[in-house]
Amino acid sequence: MAKIKALALFSGGLDSALAIKVVQEQGIEVIALNFVSHFFGGVNEKAEYMAKQLGIQLEYIHFEKRHMEVVKDPVYGRGKNMNPCIDCHSLMFRIAGELLEKYGASFLISGEVLGQRPMSQNPQALEKVKKLSGVGDLILRPLSGKLLPPSLAETEGWIQREGLLDINGRGRSRQMELMDHYGLVDYPSPGGGCLLTDPAYSIRLKTLEEDGLLDHEYADLFSLIKISRFFRFEKGRYLFVGRDQISNEKIDEIRRNREGSFYIYSFETPGPHMIAFGELTEEEKNFSRKLFSRYSKAKGKLQIKLNVSGKIEELDPISVEEIEKEMKKYQL
C-alpha cells in the first residue's frame, strides 16, 4: 500500500514545523510548500535548514500575481494594517489543493493554532478559510486538531485523532517545549514574517494604493518601500534613497532594468544611491541633489561630484537646515 502524503503550508517557523512533525509521527509523508508573494516567503537559510531537520521535500510556490489580487480586494477585508489574513490563507489552501494530484498527496496541513491570532484564527475565521478556499475538510490543523471538527484525514483513518494536539491561545511555550522534545532547533522567532502586518510598511503601501499603484507590475516599488527611505512629492512621484549597501545594490539593479529613470549616486563621495519613480519637476530634482549631499559623507559641507542620470555634475555645499525642513514635507 502506497504511503499517504500530505502537503503542508510551510514558512519554516515554529508552528508550521511542529505541525509537520506531529503528522510525520503518524507515518505520513509530508511535502512542504513555501508560498512566495511580494510580501513574504522565499528561499531562506532557516527554512531550508528546518526542512532538512524534518527530512522533507521543500517546494517554493510563486503566487505573486494571484496574491496581489487578494491584497487589492479581499472578500473578508483586512486586519489592522494591510493584511488580508483570511483571504490569504484561503488562497494558499486553494493553490495547495490544486497541487494535490501533482504531488500524489491526499490532504493539507498547516500550523494554524486556534486562538493564536484573535481575528484570523478563531473558530469562525478558520471555517471561513475552509469555505473560501474550496478545499473544505481536506484541511487538517494538527496543533489544535483535538479542538476542531474532524477532518477528512481523520474520518478516512489516515490520521488518528488522539495523536493530534489541543493547543489553544496566543502563548508559544508549549510549542517550544515540543520542538525541544523533538530536537528541532534554530527556528525563527515566533510572529512576524509578513510585511503586510507591519504598521510602518503598511502606511507606505497604503500610499501606493491611494496613488493607484497597488498592482503586480509595480513590484519594484513594494521592495523599495521596504528597504529604502521613501519620499513622496505628489501622486505617483517618488524618490527612493538607499540606506545601506543592500538597498543601494537593489536601487542599482532597478536602475539598470528601467531605462529613462532619474537617478543619483557618486563615484567619489560615499553616499546613498537614489532613484525616482514618475517624472520629477526640476525643483524636485534639485531637492534630490541636495538630499544626496545631506546623506553623503560630505554631510552637505563640501563641494561634491554627482552622477545624475549619467551626467557628471558638481554640487556646492548646501544648507543642511533648509534641506531638513524640506525633508519633513515629503518623507514617509
Side-chain angles (χ1 to χ4, degrees), residues 7-11 16 33-42 59-100 108 110-114 116-139 141 191-228 230 232 234-238 240 254 258 277-278 332:
L7 298 182
L9 274 55
F10 180 72
S11 66
S16 61
L33 307 181
N34 181 284
F35 282 84
V36 185
S37 79
H38 294 305
F39 311 105
F40 59 80
E59 299 286 337
Y60 291 98
I61 309 299
H62 287 266
F63 76 137
E64 291 91 340
K65 286 185 179 181
R66 290 176 72 173
H67 186 247
M68 198 70 244
E69 295 307 308
V70 162
V71 173
K72 284 165 34 177
D73 188 23
V75 173
Y76 288 106
R78 296 168 178 159
K80 288 183 179 179
N81 299 299
M82 289 287 285
N83 50 307
C85 292
I86 293 175
D87 291 72
C88 180
H89 290 158
S90 299
L91 178 60
M92 288 190 284
F93 277 124
R94 178 181 292 277
I95 294 172
E98 294 168 1
L99 295 171
L100 284 170
L108 311 171
S110 83
E112 292 165 290
V113 172
L114 187 65
Q116 189 174 93
R117 293 184 174 88
M119 298 302 292
S120 63
Q121 291 183 13
N122 59 61
Q124 295 76 23
L126 297 182
E127 284 300 311
K128 288 176 181 177
V129 168
K130 286 170 64 174
K131 183 177 179 180
L132 186 61
S133 67
V135 298
D137 290 339
L138 285 171
I139 299 173
R141 300 175 169 102
C194 177
L195 286 171
L196 298 174
T197 64
D198 180 81
Y201 184 85
S202 291
I203 288 171
R204 292 176 165 204
L205 190 64
K206 186 69 176 175
T207 298
L208 298 186
E209 181 179 43
E210 291 169 354
D211 289 354
L213 300 173
L214 192 62
D215 201 271
H216 177 72
E217 67 178 290
Y218 302 112
D220 285 345
L221 300 184
F222 307 151
S223 175
L224 287 171
I225 63 173
K226 173 190 174 185
I227 64 175
S228 65
F230 179 29
R232 179 186 183 274
E234 293 289 346
K235 179 178 180 179
R237 296 209 308 274
Y238 312 134
F240 298 98
I254 292 171
R258 189 191 293 161
F277 178 85
L332 290 174

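Note that the numbering runs from 1 along the sequence shown for the chain.
Atom CD of residue Glu64 and atom CD of residue Glu69 lie 13.0 Å apart, to the nearest 0.5 angstrom. Between Arg204 atom CZ and Leu332 atom CG the span is 7.0 Å, to the nearest 0.5 Å. Note that the OG atom of Ser90 and the NZ atom of Lys131 stand 11.5 Å from one another [nearest 0.5 Å]. Remark: Thr207 OG1 to Leu221 CG distance equals 11.5 Å, nearest 0.5 Å. Note that CZ of Phe35 and OG of Ser11 are 12.0 Å apart. Values are rounded to the nearest 0.5 Å. Atom-to-atom distance recorded for Leu214:CG and Met68:CE is 3.5 Å, nearest 0.5 angstrom.
Within the 4.5 Å cutoff, the side chain of Leu100 has heavy atoms near those of the Leu138 side chain. Side chains of Ile61 and Val36 form no contact here, defined as non-hydrogen atoms less than 4.5 Å apart. Using a 4.5 Å cut-off on side-chain heavy atoms (C-beta onward), Leu9 and Phe93 make contact. Side-chain atoms of Asp198 and Lys226, non-hydrogen and from C-beta on, never get closer than 4.5 Å to each other. At least one side-chain heavy atom of Leu196 sits less than 4.5 Å from a side-chain heavy atom of Pro84. Using a 4.5 Å cut-off on side-chain heavy atoms (C-beta onward), Leu224 and Tyr238 make no contact. Side-chain contact between Arg237 and Arg232: absent, with no pair of heavy atoms (C-beta onward) separated by less than 4.5 Å.
Residues His67 and Ser37 come closest through the heavy atom pair ND1-CB, 3.4 Å. The heavy-atom pair separating Gly212 from Tyr218 by the smallest distance is O-CE1, 4.3 Å. Residue Ala125 comes nearest to Ile86 through the heavy atom pair CB-CD1, 3.9 Å, listed as atom of the first residue, atom of the second, then distance. Closest heavy-atom contact between Asn122 and Leu114: C-CD1, 4.1 Å. Nearest heavy atoms, Ala96 versus Leu7: O-CD1, 3.5 Å.
Side chain of Asp211 to backbone of Leu213: no donor-acceptor contact under 3.5 angstrom is found. A donor-acceptor distance shorter than 3.5 angstrom exists from the side chain of Arg78 to the backbone of Val71, with no hydrogens or angles considered. Proximity of a side-chain donor or acceptor of Asn34 to a complementary backbone N or O of Phe10 within less than 3.5 Å is detected. No donor-acceptor pair under 3.5 Å is formed between the side chain of Ser228 and the backbone N or O of Ile225. Between the side chain of Ser110 and the backbone N or O of Arg141, no donor-acceptor pair lies under 3.5 Å.
The aromatic ring centres of Phe277 and Phe240 sit 6.0 Å or more apart.
When each of Asp137, Leu132, Ile139 is checked for a side chain to side chain contact (heavy atoms under 4.5 Å, CB included) with Val135, only Ile139 meets the rule.
Between Tyr201 and Asn81, the side chains place no donor N or O within less than 3.5 Å of an acceptor N or O (distance only, hydrogens not considered). The closest side-chain donor-acceptor pair between His216 and His38 falls under 3.5 angstrom.
Glu209 and Lys235 are not joined by a salt bridge, as no carboxylate oxygen comes within less than 4.0 angstrom of a charged side-chain nitrogen. Using a 4.0 Å cut-off between a side-chain N of Lys or Arg and a carboxylate O of Asp or Glu, Asp220 and Arg258 qualify as a salt bridge. Taking a cutoff of 4.0 Å between a charged side-chain nitrogen and a carboxylate oxygen, Lys130 and Glu127 qualify as a salt bridge.
Atom NZ of Lys65 sits in a sparse spot, with 12 or fewer heavy atoms from other residues, nucleotides or ligands closer than 6.0 Å.
The salt bridge (Lys or Arg N to Asp or Glu O under 4.0 Å) pairs that include a residue from residues 87-98 are Arg66-Glu98, where partners are two or more places apart or lie in different chains.
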Given Leu195 and Phe40, is the side-chain contact (heavy atoms from CB on, under 4.5 Å) satisfied, shown in steps?
CA-CA 7 Å; Leu195 286 171; Phe40 59 80; over 6 Å; no
